[in-house]
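In what follows, chains carry the letters A, B, and so on, assigned in the order in which the sequence lines appear, proteins first and then strands, with residues in each chain numbered from 1.
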Protein chains: 2
Amino acid sequence: MTSTRTCADEGEDGVLHRIMPLLGRRGPVVIGPGDDAAVLDVAGKLVVTTDMLVEDEDFRTDWSTARDVGVKAAAQNLADVAAMGAEPIGLVVALGAPGDTPADWPEGLAEGLDAECARAGVSVVGGDLSAAPRLTVSVTAFGQFAGGRPVLRSGAGPGEVVALAGTLGRAAAGLDLLAAGFGDRAGTHGPVAELIGVQRRPTPCYEAGRAAARAGATAMLDVSDGLVRDAGRIAQASGVRIDLDGPFESDLDAVRPAAEALDASGPAAGADGDRSFDTCVRWVLTGGEDHGLLAVFPDEKSVPEQFRVIGSVVAGDPGVTTGGLQLPVGTASGWDHFGGRFRGGDGA
Amino acid sequence: MTSTRTCADEGEDGVLHRIMPLLGRRGPVVIGPGDDAAVLDVAGKLVVTTDMLVEDEDFRTDWSTARDVGVKAAAQNLADVAAMGAEPIGLVVALGAPGDTPADWPEGLAEGLDAECARAGVSVVGGDLSAAPRLTVSVTAFGQFAGGRPVLRSGAGPGEVVALAGTLGRAAAGLDLLAAGFGDRAGTHGPVAELIGVQRRPTPCYEAGRAAARAGATAMLDVSDGLVRDAGRIAQASGVRIDLDGPFESDLDAVRPAAEALDASGPAAGADGDRSFDTCVRWVLTGGEDHGLLAVFPDEKSVPEQFRVIGSVVAGDPGVTTGGLQLPVGTASGWDHFGGRFRGGDGA
């Protein structure tokens with residue numbers, strides 16, 4: 001795309017004209033974009049979730065294309081729908097943009113939103129455009145239960161098993177690679193490029209959420225702020241302790257190429273292996289944006305195929321233990337949107 | 001409130017702790033804030049709409065309190081739900097805020113959102129907090145049809161009548177009063193203070209939307225970008241011409257105190273009466289934020305009590321006529337979010 005026209009050049013209607021043809025129509029849409037509001041067919045209970053992504057807080061335009069941002073904005077909201085055990089049915093998006101934003105940025109955003117919606121079998125059903133000092137993408141996603149029931153954070157009980165559908169730490173490793181300039185390097189390929197790809201475009205397994213609900217999951221959420229912090233949320237809501245099996249060998253293996261690439265390229269080149277191992281542990285335990293689903297099941301045999309068992313629920317003061325560390329809830333590592341990364345003590 | 005603590009001081013959880021107790025629970029809420037997503041009971045079809053308000057684009061913190069912004073953000077979204085002929089059932093909000101925002105700003109916002117939700121019989125069912133360079137409030141509102149059907153913009157036909165529930169131009173007059181400093185003046189009271197109040201806290205009549213649907217309205221929207229521009233949207237979608245009766249005497253009378261106050265106070269003091277009349281006409285025809293409902297009905301006798309007839313639908317090229325002016329759609333005056341006010345020719 002070589003357009004140099006801006007959103008201000010196009011005006012609100014002009015930008016909408018570019019976006020509309022890019023949006024598919026899937027799922028139970030009765031009235032799509034273009035009126036005061038959209039209309040969806042809903043069977044029974046509705047699930048609703050919202051998330052805002054802000055330029056230079058949640059994404060950078062030199063690290064992610066508009067399409068990447070669209071994929072991610074859709075994925076993290078649809079993952080929240082899945083984490084309730086629901087079937088996604090659609091989403092709406094509000095975009096705030098500076099007037100000098102190239103007019104093809106909203107187009108790329110729409111393509112990315114539509115592509116990820118397609119993966120979930122749904123579509124963008126409505127939206128809003130505003131002027132804003134920085135790019136701001138606010139998505140609200142919807143789902144229905146289709147006979148099932150909501151899976152909350154609060155139902156876990158002692159003796160149950162903790163399982164995960166998805167990966168750990170890869171998006172966090174990808175973020176550190178981007179910060180070190182690996183996103184720009186010609187020849188970045190293989191595992192390093194894949195880890196950057198997870199940061200840019202996470203691929204949650206939406207079907208796993210419904211499978212968990214059908215299998216009788218007692219608690220579930222998507223890992224958006226880090227395994228330890230999010231497990232702590234289930235522990236807190238359910239009044240239990242969660243023992244996470246360490247050391248997550250396969251996850252550590254998957255992110256190790258990032259640590260090696262960073263060690264080989266940066267001022268820390270030649271540092272001892274332990275330091276790089278610590279980095280991998282930090283990514284795996286506190287990196288959140290892979291958007292895997294963390295769920296609790298009554299027993300091992302009820303765990304659906306998309307999940308692997310990574311821990312257990314025990315009676316005790318609400319908290320999380322992993323690799324010998326005991327972390328009370330509320331101080332667990334992870335992301336705080338105002339305090340920044342690892343607010344409240346980085347125990348990992 | 002004398003708190004000087006900021007959002008960064010409180011952290012995400014601290015801010016949420018302050019907000020949660022302020023949110024009532026009304027309407028068909030199954031699961032409220034606090035999990036990955038909220039759950040609502042929906043009967044049949046769901047209506048969904050979203051709108052983003054950005055500091056210094058859509059509101060100013062020196063002109064509006066946090067509570068005012070909350071009322072307005074809820075009102076403009078719930079008005080869109082009403083404009084589909086639906087019954088509101090709830091809303092979610094994403095707030096982006098700089099870290100140095102006083103922590104009582106989100107509290108005020110929550111109070112305002114809750115107060116306006118209460119007027120519609122619903123509540124805030126979920127939300128998200130993000131860091132952002134400026135205050136950004138993104139609301140998504142929901143409604144259901146309860147046996148009725150969606151009223152779109154596209155159903156108006158020749159021979160039908162155009163009617164309005166609500167006021168015209170008052171919010172726009174209030175905005176100009178705020179810009180001239182009337183918001184700060186001790187002793188600002190009476191009609192001037194009331195007009196400023198409409199700008200800060202519009203009061204759409206949500207019940208009028210359902211009444212219109214029951215009465216067989218063929219087209220409807222809420223006047224958010226100005227009467228002429230929004231009537232043009234119905235004209236365009238329905239392929240008709242809309243003749244608006246002028247000159248809207250009662251609306252002009254209601255905003256005249258603003259023109260007089262501005263004339264008496266500003267550099268234009270002593271200007272001739274015509275100039276002030278032109279200002280009033282501009283407010284009434286192009287000022288949008290009163291959020292009245294503009295609807296088309298088959299005939300005069302089907303118009304519900306909340307509405308007054310202000311025009312008629314005739315065959316012809318899509319456009320709007322008023323007071324002898326003929327305005328093709330697409331060039332009508334009103335608000336464009338990227339182009340600013342009165343983009344595309346101010347015909348009024």
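- In terms of non-hydrogen atom pairs under 4.5 Å with chain A, the most contact-rich of B:Pro133, B:Gly44, B:Ala94, B:Gly14 is B:Pro133.
- Of the residues considered (A:Asn77, A:Val92, A:Leu53, A:Val30), A:Val92 shows the highest number of contacts with chain B, using heavy-atom pairs under 4.5 Å.
- If you measure heavy-atom distances from B:Asp56 to chain A, you find no contacts under 4.5 Å at all.
- Of all the listed residues (B:Glu55, B:Gln144, B:Met220, B:Lys45), the one sharing the greatest number of non-hydrogen pairs under 4.5 Å with chain A is B:Lys45.
- Annotation: side chain to side chain donor-acceptor pair (under 3.5 Å) contacts of B:Thr136 (sequence neighbours excluded): none.
- Looking at B:Val81, there are no atoms closer than 4.5 Å to chain A (heavy atoms on both sides), in backbone or side chain.
- Each of B:Val47, B:Leu152, B:Leu221 was scored for a side chain to side chain contact (heavy atoms under 4.5 Å, CB included) with A:Asp35, with one residue passing: B:Leu152.
- Side-chain N or O atoms of A:Asp128 include one that pairs as donor or acceptor with a backbone N or O of B:Met52 at under 3.5 Å.
- The structure places OG1 of A:Thr50 at 11.0 Å from CG of B:Leu95, a figure rounded to the nearest 0.5 Å.
- Residue A:Leu40 holds its CG atom at 10.0 Å from CZ of B:Phe142, rounded to the nearest 0.5 Å.
- Here the side chain of B:Thr49 pairs a donor or acceptor atom with the backbone of A:Asp36 at under 3.5 angstrom.
- Both the backbone and the side chain of B:Val48 come within contact range of chain A, judged by heavy atoms closer than 4.5 Å.
- Both the backbone and the side chain of B:Val39 come within contact range of chain A, judged by heavy atoms closer than 4.5 Å.
- For the atom pair A:Ile31 CD1 and B:Arg149 CZ, the distance stands at 11.0 Å (nearest 0.5 Å).
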